[in-house]
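In what follows, a single structure is set out as C-alpha coordinates and then discussed.
Both backbone and side-chain heavy atoms feed into the values below; hydrogens, waters and symmetry mates do not. To find a chain, count down the sequence lines: A is the first, B the second, and so on, and within it residues start at 1.
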Amino acid sequence: MGAEVLSMSIDSMFVHKMWNDNELSKMVDGGVPFPMLSDAGGKVGTVYGVYDENAGVEARGRFIIDPDGVVQGYEVLTPPVGRNVNETFRQLQAFQLVRETAGKEATPSGWKPGKQTLKPGPDLVGKVWEVWKTEQAFD
Amino acid sequence: MGAEVLSMSIDSMFVHKMWNDNELSKMVDGGVPFPMLSDAGGKVGTVYGVYDENAGVEARGRFIIDPDGVVQGYEVLTPPVGRNVNETFRQLQAFQLVRETAGKEATPSGWKPGKQTLKPGPDLVGKVWEVWKTEQAFD
Amino acid sequence: MAEKAEVGCARPTGGPVGEEPVKTPQDTPKTIKEVRGMIKVGQKAPDFVSPGYQKGEFINIKLSDYLGKWVLLCFYPGDFTFV
Amino acid sequence: MAEKAEVGCARPTGGPVGEEPVKTPQDTPKTIKEVRGMIKVGQKAPDFVSPGYQKGEFINIKLSDYLGKWVLLCFYPGDFTFV
(Lines give C-alpha, C1' and ligand atoms only; values in the text may rest on other atoms or scores of the structure.)
Protein backbone atom coordinates (compact mmCIF):
# COMPACT_ATOMS: atom_id res chain seq x y z
CA MET A 1 0.00 0.00 0.00
CA GLY A 2 3.03 2.25 -0.24
CA ALA A 3 3.51 3.03 3.43
CA GLU A 4 5.39 1.64 6.40
CA VAL A 5 3.24 0.88 9.42
CA LEU A 6 4.45 1.43 12.99
CA SER A 7 2.19 0.59 15.91
CA MET A 8 2.76 1.87 19.41
CA SER A 9 1.32 1.34 22.89
CA ILE A 10 2.55 1.54 26.47
CA ASP A 11 2.99 -2.26 26.53
CA SER A 12 6.53 -3.63 26.64
CA MET A 13 8.03 -5.45 23.68
CA PHE A 14 7.72 -8.64 25.72
CA VAL A 15 3.97 -8.17 25.97
CA HIS A 16 3.88 -7.31 22.24
CA LYS A 17 5.49 -10.67 21.53
CA MET A 18 2.96 -12.50 23.70
CA TRP A 19 0.01 -10.72 22.09
CA ASN A 20 1.34 -11.49 18.63
CA ASP A 21 2.02 -15.14 19.41
CA ASN A 22 -1.12 -15.86 21.43
CA GLU A 23 -3.82 -13.87 19.70
CA LEU A 24 -2.88 -11.80 16.67
CA SER A 25 -1.16 -14.64 14.82
CA LYS A 26 -4.54 -16.43 14.96
CA MET A 27 -6.16 -13.43 13.27
CA VAL A 28 -3.45 -12.56 10.72
CA ASP A 29 -1.53 -15.24 8.82
CA GLY A 30 2.10 -15.22 9.89
CA GLY A 31 1.49 -12.73 12.68
CA VAL A 32 2.00 -8.98 12.70
CA PRO A 33 4.46 -7.99 9.95
CA PHE A 34 5.26 -4.44 11.12
CA PRO A 35 7.21 -3.16 14.17
CA MET A 36 5.15 -3.07 17.38
CA LEU A 37 6.75 -0.30 19.41
CA SER A 38 6.79 0.20 23.16
CA ASP A 39 6.17 3.62 24.69
CA ALA A 40 6.51 2.95 28.41
CA GLY A 41 5.36 5.99 30.37
CA GLY A 42 3.71 7.51 27.31
CA LYS A 43 6.61 9.84 26.51
CA VAL A 44 6.10 9.67 22.75
CA GLY A 45 2.31 9.62 23.11
CA THR A 46 2.45 12.81 25.18
CA VAL A 47 4.25 14.63 22.39
CA TYR A 48 1.66 13.35 19.89
CA GLY A 49 -1.24 14.37 22.18
CA VAL A 50 -2.65 10.87 22.55
CA TYR A 51 -1.45 9.89 26.05
CA ASP A 52 -4.04 9.94 28.84
CA GLU A 53 -2.08 10.50 32.09
CA ASN A 54 -5.02 9.48 34.27
CA ALA A 55 -5.65 6.17 32.56
CA GLY A 56 -1.99 5.63 31.72
CA VAL A 57 -2.81 4.50 28.19
CA GLU A 58 -2.85 5.92 24.70
CA ALA A 59 -5.88 6.80 22.59
CA ARG A 60 -6.36 5.44 19.06
CA GLY A 61 -4.22 8.06 17.32
CA ARG A 62 -3.23 7.54 13.68
CA PHE A 63 -0.76 9.86 11.92
CA ILE A 64 0.02 9.94 8.20
CA ILE A 65 3.62 11.15 7.72
CA ASP A 66 4.94 11.98 4.25
CA PRO A 67 8.44 11.18 2.86
CA ASP A 68 9.69 14.57 4.13
CA GLY A 69 8.66 13.65 7.66
CA VAL A 70 5.74 16.09 7.59
CA VAL A 71 2.39 15.21 9.18
CA GLN A 72 -0.27 15.31 6.44
CA GLY A 73 -3.21 14.08 8.46
CA TYR A 74 -4.18 12.52 11.75
CA GLU A 75 -7.12 11.04 13.60
CA VAL A 76 -7.67 10.33 17.28
CA LEU A 77 -10.51 8.25 18.77
CA THR A 78 -11.33 7.26 22.35
CA PRO A 79 -10.56 3.60 23.12
CA PRO A 80 -14.04 1.99 22.64
CA VAL A 81 -14.34 2.94 18.96
CA GLY A 82 -12.21 1.18 16.38
CA ARG A 83 -10.66 2.73 13.30
CA ASN A 84 -11.70 2.27 9.68
CA VAL A 85 -8.68 0.92 7.85
CA ASN A 86 -10.26 1.58 4.44
CA GLU A 87 -10.55 5.28 5.30
CA THR A 88 -6.88 5.39 6.24
CA PHE A 89 -6.00 3.87 2.84
CA ARG A 90 -8.28 6.39 1.08
CA GLN A 91 -6.56 9.31 2.79
CA LEU A 92 -3.09 7.88 2.16
CA GLN A 93 -3.87 7.49 -1.55
CA ALA A 94 -5.27 11.02 -1.68
CA PHE A 95 -2.16 12.51 -0.05
CA GLN A 96 0.05 10.49 -2.40
CA LEU A 97 -1.86 11.79 -5.45
CA VAL A 98 -1.59 15.41 -4.25
CA ARG A 99 2.15 14.93 -3.75
CA GLU A 100 2.65 13.26 -7.16
CA THR A 101 0.84 16.09 -8.94
CA ALA A 102 2.73 18.66 -6.83
CA GLY A 103 -0.59 20.11 -5.72
CA LYS A 104 -1.99 20.56 -9.25
CA GLU A 105 -4.81 18.21 -8.29
CA ALA A 106 -6.86 18.14 -5.10
CA THR A 107 -9.23 15.44 -3.92
CA PRO A 108 -12.77 16.54 -3.05
CA SER A 109 -14.84 15.20 -0.17
CA GLY A 110 -15.37 11.43 -0.45
CA TRP A 111 -12.74 11.03 -3.22
CA LYS A 112 -11.26 7.60 -3.78
CA PRO A 113 -8.96 6.26 -6.51
CA GLY A 114 -10.60 6.50 -9.94
CA LYS A 115 -12.95 9.31 -8.95
CA GLN A 116 -12.76 12.86 -10.22
CA THR A 117 -10.16 15.24 -8.81
CA LEU A 118 -10.28 19.04 -8.89
CA LYS A 119 -7.64 21.24 -10.53
CA PRO A 120 -7.53 24.40 -8.40
CA GLY A 121 -7.01 27.68 -10.25
CA PRO A 122 -8.55 31.11 -10.71
CA ASP A 123 -11.10 29.84 -13.26
CA LEU A 124 -12.54 27.39 -10.74
CA VAL A 125 -13.33 30.00 -8.05
CA GLY A 126 -17.08 30.07 -7.50
CA LYS A 127 -17.54 27.40 -10.20
CA VAL A 128 -17.01 24.19 -8.27
CA TRP A 129 -20.78 23.62 -8.40
CA GLU A 130 -20.53 23.41 -12.20
CA VAL A 131 -17.95 20.63 -12.26
CA TRP A 132 -18.58 18.68 -9.05
CA LYS A 133 -21.86 17.56 -7.45
CA THR A 134 -22.45 16.92 -3.76
CA GLU A 135 -23.68 13.39 -4.49
CA GLN A 136 -20.16 12.53 -5.67
CA ALA A 137 -19.05 12.64 -2.03
CA PHE A 138 -21.25 9.64 -1.25
CA ASP A 139 -21.21 7.32 -4.27
CA MET B 1 -28.20 12.12 12.08
CA GLY B 2 -28.41 13.11 15.73
CA ALA B 3 -25.76 15.83 15.80
CA GLU B 4 -25.54 19.57 15.34
CA VAL B 5 -23.05 20.73 12.71
CA LEU B 6 -20.97 23.88 13.11
CA SER B 7 -18.55 24.91 10.38
CA MET B 8 -15.77 27.41 10.93
CA SER B 9 -13.17 29.23 8.83
CA ILE B 10 -11.30 32.53 8.98
CA ASP B 11 -13.75 34.06 6.49
CA SER B 12 -16.15 36.71 7.77
CA MET B 13 -19.87 36.05 8.07
CA PHE B 14 -20.34 38.37 5.09
CA VAL B 15 -18.18 36.12 2.93
CA HIS B 16 -20.02 33.09 4.34
CA LYS B 17 -23.27 34.62 3.09
CA MET B 18 -21.80 35.25 -0.36
CA TRP B 19 -20.41 31.71 -0.63
CA ASN B 20 -23.73 30.24 0.44
CA ASP B 21 -25.75 32.38 -1.94
CA ASN B 22 -23.44 32.19 -4.97
CA GLU B 23 -22.11 28.67 -4.90
CA LEU B 24 -23.25 26.35 -2.09
CA SER B 25 -26.97 26.97 -2.66
CA LYS B 26 -26.40 25.58 -6.16
CA MET B 27 -24.94 22.41 -4.66
CA VAL B 28 -27.30 21.91 -1.70
CA ASP B 29 -31.05 22.54 -1.99
CA GLY B 30 -32.01 25.52 0.16
CA GLY B 31 -28.41 26.39 0.95
CA VAL B 32 -26.35 25.50 4.00
CA PRO B 33 -28.66 24.67 6.95
CA PHE B 34 -26.12 24.89 9.78
CA PRO B 35 -24.28 27.88 11.30
CA MET B 36 -21.19 28.94 9.33
CA LEU B 37 -18.91 30.51 11.93
CA SER B 38 -16.21 33.11 11.50
CA ASP B 39 -12.85 32.75 13.25
CA ALA B 40 -11.00 35.90 12.17
CA GLY B 41 -7.35 35.65 13.20
CA GLY B 42 -7.66 31.95 13.91
CA LYS B 43 -8.10 32.36 17.66
CA VAL B 44 -10.41 29.38 18.04
CA GLY B 45 -8.47 27.36 15.46
CA THR B 46 -5.26 27.94 17.42
CA VAL B 47 -6.79 26.41 20.54
CA TYR B 48 -7.98 23.43 18.48
CA GLY B 49 -4.56 23.02 16.84
CA VAL B 50 -5.78 23.55 13.29
CA TYR B 51 -4.65 27.13 12.58
CA ASP B 52 -1.62 27.58 10.31
CA GLU B 53 -0.09 30.95 11.27
CA ASN B 54 2.06 31.09 8.15
CA ALA B 55 -0.77 30.52 5.68
CA GLY B 56 -3.33 32.30 7.88
CA VAL B 57 -5.93 29.58 7.28
CA GLU B 58 -7.29 26.56 9.08
CA ALA B 59 -6.74 22.91 8.21
CA ARG B 60 -9.62 20.48 7.70
CA GLY B 61 -10.15 19.67 11.37
CA ARG B 62 -13.28 17.79 12.44
CA PHE B 63 -14.14 17.27 16.12
CA ILE B 64 -16.88 15.00 17.51
CA ILE B 65 -18.10 16.44 20.84
CA ASP B 66 -20.47 14.46 23.06
CA PRO B 67 -23.45 15.82 25.06
CA ASP B 68 -21.16 16.43 28.06
CA GLY B 69 -18.94 18.68 25.95
CA VAL B 70 -16.17 16.07 25.84
CA VAL B 71 -14.13 15.48 22.68
CA GLN B 72 -14.62 11.84 21.63
CA GLY B 73 -12.71 11.91 18.38
CA TYR B 74 -11.07 14.22 15.89
CA GLU B 75 -9.43 14.25 12.50
CA VAL B 76 -7.21 16.83 10.81
CA LEU B 77 -6.19 16.85 7.12
CA THR B 78 -4.10 19.28 5.08
CA PRO B 79 -6.18 21.47 2.72
CA PRO B 80 -5.86 19.54 -0.60
CA VAL B 81 -7.52 16.38 0.72
CA GLY B 82 -11.25 16.33 1.39
CA ARG B 83 -13.02 14.54 4.21
CA ASN B 84 -15.16 11.41 4.00
CA VAL B 85 -18.56 12.34 5.37
CA ASN B 86 -19.62 8.69 5.59
CA GLU B 87 -16.70 7.96 7.89
CA THR B 88 -17.72 10.84 10.16
CA PHE B 89 -21.26 9.36 10.36
CA ARG B 90 -19.81 5.91 11.11
CA GLN B 91 -17.73 7.27 13.97
CA LEU B 92 -20.60 9.36 15.33
CA GLN B 93 -22.90 6.32 15.36
CA ALA B 94 -20.19 4.25 17.05
CA PHE B 95 -19.65 6.85 19.80
CA GLN B 96 -23.42 7.11 20.29
CA LEU B 97 -23.71 3.33 20.65
CA VAL B 98 -20.88 3.21 23.20
CA ARG B 99 -22.56 5.99 25.17
CA GLU B 100 -26.01 4.35 25.03
CA THR B 101 -24.61 1.05 26.31
CA ALA B 102 -22.56 2.92 28.95
CA GLY B 103 -19.43 1.25 27.60
CA LYS B 104 -20.81 -2.31 27.80
CA GLU B 105 -20.32 -2.57 24.05
CA ALA B 106 -17.35 -1.46 21.97
CA THR B 107 -17.14 -1.16 18.20
CA PRO B 108 -14.28 -3.04 16.52
CA SER B 109 -12.27 -1.77 13.56
CA GLY B 110 -14.49 -1.08 10.55
CA TRP B 111 -17.73 -1.40 12.55
CA LYS B 112 -20.86 0.18 11.14
CA PRO B 113 -24.51 0.01 12.25
CA GLY B 114 -25.83 -3.57 12.11
CA LYS B 115 -22.39 -5.15 12.43
CA GLN B 116 -21.14 -7.10 15.43
CA THR B 117 -19.99 -5.24 18.53
CA LEU B 118 -17.68 -6.58 21.23
CA LYS B 119 -18.62 -6.88 24.91
CA PRO B 120 -15.38 -6.27 26.82
CA GLY B 121 -14.83 -8.33 29.95
CA PRO B 122 -12.33 -10.69 31.54
CA ASP B 123 -13.58 -13.68 29.54
CA LEU B 124 -12.76 -11.94 26.26
CA VAL B 125 -9.09 -11.28 27.06
CA GLY B 126 -6.95 -13.18 24.56
CA LYS B 127 -10.10 -14.58 22.90
CA VAL B 128 -11.06 -11.83 20.48
CA TRP B 129 -9.74 -14.03 17.67
CA GLU B 130 -12.45 -16.59 18.51
CA VAL B 131 -15.38 -14.17 18.16
CA TRP B 132 -14.18 -11.61 15.63
CA LYS B 133 -12.31 -12.05 12.34
CA THR B 134 -10.03 -9.53 10.68
CA GLU B 135 -12.07 -9.69 7.46
CA GLN B 136 -14.98 -8.13 9.36
CA ALA B 137 -13.07 -4.85 9.37
CA PHE B 138 -13.36 -4.67 5.57
CA ASP B 139 -16.74 -6.10 4.57
CA MET C 1 -28.99 28.62 21.01
CA ALA C 2 -27.94 30.92 18.18
CA GLU C 3 -28.27 34.53 19.26
CA LYS C 4 -29.02 36.95 16.43
CA ALA C 5 -26.36 39.64 16.00
CA GLU C 6 -26.69 43.33 15.21
CA VAL C 7 -24.33 44.18 12.39
CA GLY C 8 -22.48 47.47 12.17
CA CYS C 9 -19.45 48.47 10.17
CA ALA C 10 -16.88 46.68 12.30
CA ARG C 11 -16.26 43.09 11.45
CA PRO C 12 -17.22 41.21 14.60
CA THR C 13 -15.06 38.47 15.96
CA GLY C 14 -15.14 35.85 18.69
CA GLY C 15 -12.69 33.73 20.59
CA PRO C 16 -12.16 31.09 23.22
CA VAL C 17 -13.98 31.59 26.53
CA GLY C 18 -13.73 30.09 29.99
CA GLU C 19 -10.96 28.62 32.04
CA GLU C 20 -7.66 27.21 30.93
CA PRO C 21 -7.61 23.43 30.51
CA VAL C 22 -7.55 21.67 33.90
CA LYS C 23 -4.08 20.69 35.06
CA THR C 24 -3.92 17.32 36.72
CA PRO C 25 -1.94 17.53 39.98
CA GLN C 26 0.52 14.77 39.10
CA ASP C 27 1.77 16.65 36.04
CA THR C 28 5.32 17.89 36.27
CA PRO C 29 5.81 21.53 35.22
CA LYS C 30 7.42 20.34 31.96
CA THR C 31 4.42 18.22 31.07
CA ILE C 32 1.99 21.04 31.78
CA LYS C 33 3.85 23.27 29.39
CA GLU C 34 3.82 20.67 26.67
CA VAL C 35 0.18 19.64 26.87
CA ARG C 36 -1.30 23.08 27.49
CA GLY C 37 -3.92 23.91 24.91
CA MET C 38 -3.56 20.53 23.24
CA ILE C 39 -6.87 18.97 22.30
CA LYS C 40 -7.28 15.51 23.82
CA VAL C 41 -10.00 12.95 23.46
CA GLY C 42 -11.76 12.30 26.74
CA GLN C 43 -11.34 15.93 27.81
CA LYS C 44 -13.65 18.94 27.49
CA ALA C 45 -13.74 20.72 24.16
CA PRO C 46 -12.49 24.30 24.71
CA ASP C 47 -15.45 26.63 24.78
CA PHE C 48 -15.69 29.62 22.43
CA VAL C 49 -18.04 32.28 21.13
CA SER C 50 -18.15 33.06 17.45
CA PRO C 51 -20.17 35.18 15.04
CA GLY C 52 -21.57 33.48 11.99
CA TYR C 53 -24.14 33.25 9.25
CA GLN C 54 -27.11 30.89 9.11
CA LYS C 55 -30.07 30.88 6.73
CA GLY C 56 -30.16 34.58 5.94
CA GLU C 57 -29.22 35.83 9.41
CA PHE C 58 -26.07 36.89 11.21
CA ILE C 59 -25.83 35.09 14.54
CA ASN C 60 -23.62 34.51 17.58
CA ILE C 61 -22.86 30.99 18.74
CA LYS C 62 -21.43 29.75 22.03
CA LEU C 63 -20.23 26.16 21.96
CA SER C 64 -21.31 25.44 25.56
CA ASP C 65 -24.91 26.28 24.63
CA TYR C 66 -24.86 22.94 22.79
CA LEU C 67 -24.35 20.86 25.96
CA GLY C 68 -26.80 17.95 25.84
CA LYS C 69 -26.33 17.46 22.10
CA TRP C 70 -23.74 15.80 19.92
CA VAL C 71 -21.75 18.39 17.95
CA LEU C 72 -19.64 18.09 14.80
CA LEU C 73 -17.26 21.05 14.70
CA CYS C 74 -15.69 21.31 11.24
CA PHE C 75 -12.86 23.67 10.31
CA TYR C 76 -11.92 24.25 6.65
CA PRO C 77 -9.36 26.35 4.79
CA GLY C 78 -11.73 28.93 3.36
CA ASP C 79 -14.85 29.88 1.49
CA PHE C 80 -14.69 29.58 -2.32
CA THR C 81 -11.91 27.02 -2.11
CA PHE C 82 -12.07 23.79 -3.97
CA VAL C 83 -12.16 20.63 -1.95
CA MET D 1 16.19 0.79 9.48
CA ALA D 2 15.26 -1.33 12.48
CA GLU D 3 18.27 -1.91 14.66
CA LYS D 4 18.25 -5.20 16.54
CA ALA D 5 18.38 -4.79 20.31
CA GLU D 6 20.25 -6.74 22.95
CA VAL D 7 17.84 -7.63 25.73
CA GLY D 8 18.86 -7.72 29.35
CA CYS D 9 16.82 -7.67 32.52
CA ALA D 10 15.90 -3.99 32.43
CA ARG D 11 12.87 -3.07 30.39
CA PRO D 12 14.20 -0.75 27.72
CA THR D 13 12.44 2.45 26.83
CA GLY D 14 12.66 5.23 24.28
CA GLY D 15 11.45 8.78 23.88
CA PRO D 16 11.33 11.86 21.73
CA VAL D 17 14.59 12.99 20.18
CA GLY D 18 15.82 16.13 18.47
CA GLU D 19 15.05 19.79 18.80
CA GLU D 20 11.98 21.46 20.23
CA PRO D 21 9.39 22.47 17.62
CA VAL D 22 10.52 25.51 15.62
CA LYS D 23 9.05 28.78 16.85
CA THR D 24 7.99 31.14 14.09
CA PRO D 25 9.24 34.67 14.79
CA GLN D 26 5.84 36.34 14.57
CA ASP D 27 4.42 34.25 17.40
CA THR D 28 3.68 36.16 20.55
CA PRO D 29 4.95 34.50 23.74
CA LYS D 30 1.37 33.51 24.59
CA THR D 31 0.92 31.70 21.29
CA ILE D 32 4.20 29.86 21.65
CA LYS D 33 3.14 28.56 25.02
CA GLU D 34 -0.19 27.37 23.71
CA VAL D 35 1.00 25.63 20.55
CA ARG D 36 4.18 24.11 21.96
CA GLY D 37 4.25 20.39 21.44
CA MET D 38 0.94 20.41 19.60
CA ILE D 39 0.90 18.24 16.51
CA LYS D 40 -0.01 20.19 13.39
CA VAL D 41 -0.55 19.08 9.84
CA GLY D 42 2.00 20.62 7.50
CA GLN D 43 4.70 20.49 10.18
CA LYS D 44 7.37 17.91 10.95
CA ALA D 45 6.35 14.86 12.92
CA PRO D 46 8.30 14.87 16.23
CA ASP D 47 11.14 12.40 16.00
CA PHE D 48 11.52 9.59 18.53
CA VAL D 49 13.37 6.37 19.25
CA SER D 50 11.51 3.38 20.54
CA PRO D 51 12.17 -0.28 21.32
CA GLY D 52 9.81 -2.81 19.85
CA TYR D 53 9.06 -6.28 18.63
CA GLN D 54 8.91 -7.44 15.01
CA LYS D 55 8.71 -10.95 13.60
CA GLY D 56 10.48 -12.74 16.42
CA GLU D 57 13.09 -10.08 17.16
CA PHE D 58 13.46 -7.21 19.59
CA ILE D 59 14.40 -4.06 17.70
CA ASN D 60 15.00 -0.32 18.04
CA ILE D 61 13.27 2.11 15.70
CA LYS D 62 13.99 5.77 14.99
CA LEU D 63 11.21 7.60 13.17
CA SER D 64 13.60 9.78 11.15
CA ASP D 65 15.18 6.65 9.65
CA TYR D 66 11.94 6.41 7.64
CA LEU D 67 12.48 9.69 5.76
CA GLY D 68 11.77 9.04 2.08
CA LYS D 69 8.84 6.75 2.86
CA TRP D 70 5.22 7.27 3.82
CA VAL D 71 4.61 6.21 7.42
CA LEU D 72 1.41 5.31 9.26
CA LEU D 73 2.05 5.74 12.99
CA CYS D 74 -0.77 4.09 14.95
CA PHE D 75 -1.25 4.37 18.72
CA TYR D 76 -3.70 2.11 20.55
CA PRO D 77 -4.81 1.62 24.16
CA GLY D 78 -3.09 -1.67 24.81
CA ASP D 79 -2.29 -5.25 23.89
CA PHE D 80 -5.00 -7.81 24.63
CA THR D 81 -7.70 -5.15 24.50
CA PHE D 82 -10.79 -5.59 22.46
CA VAL D 83 -11.37 -3.16 19.63
Between [X] and [Y], which heavy-atom pair has the shortest distance, and what is it?
X     : Y     : answer
A/W19 : D/G78 : CH2-O, 4.3 Å
D/G42 : A/V70 : C-CG1, 3.4 Å
D/K40 : A/V71 : O-CB, 3.9 Å
D/A45 : A/Y48 : CB-OH, 3.5 Å

Region of [X] that comes under 4.5 Å of a non-hydrogen atom in chain D:
X     : value
A/D52 : neither
A/Y51 : neither
A/N20 : side chain
A/E58 : both
A/V50 : side chain
A/T88 : side chain

Quick one: which of [options] has the most heavy-atom pairs under 4.5 Å with chain D, could you say?
options                    : value
A/P35, A/G73, A/G69        : A/P35
A/P33, A/G31, A/G45, A/G42 : A/P33
A/L77, A/V32, A/D21, A/D68 : A/D68

Can you establish whether the number of heavy atoms outside [X] located under 6.0 Å from its atom [atom1] is more than 12?
X      : atom1 : answer
A/K127 : NZ    : no
A/M18  : CE    : no
D/K55  : NZ    : no
A/K112 : NZ    : no

As an exercise, state the distance from [atom1] of [X] to [atom2] of [Y], rounded to the nearest 0.5 Å.
X     : Y     : atom1 : atom2 : answer
D/F58 : A/H16 : CZ    : NE2   : 10.0 Å
D/C74 : A/E75 : SG    : CD    : 9.5 Å
A/D66 : D/K44 : CG    : NZ    : 8.5 Å
A/F89 : D/L72 : CZ    : CG    : 7.5 Å
A/E4  : D/L73 : CD    : CG    : 12.5 Å
D/D79 : A/K17 : CG    : NZ    : 13.0 Å

**OP:** Among A/V44, A/L37, A/L6, find the residue that satisfies the side-chain contact (heavy atoms from CB on, under 4.5 Å) test when tested with D/L63.
**Re:** A/L6
**OP:** Look at the aromatic rings of D/F75 and A/F63 and report parallel, tilted or perpendicular, splitting at 30° and 60°.
**Re:** perpendicular
Subject >> Close side-chain approach of D/F80 to A/V15, heavy-atom, < 4.5 Å >> reply: yes
Subject >> Portion of D/Y76 that has a non-hydrogen atom of chain A nearer than 4.5 angstrom >> reply: both
**OP:** Using modelled atom types only, decide if a donor and an acceptor are shared between the side chain of D/S50 and the backbone of A/S38 within a distance under 3.5 Å.
**Re:** yes
Original post:
Counting distance only, does the side-chain N/O of A/K43 pair as donor-acceptor with the main-chain N or O of D/P16 below 3.5 Å?
Top reply: no
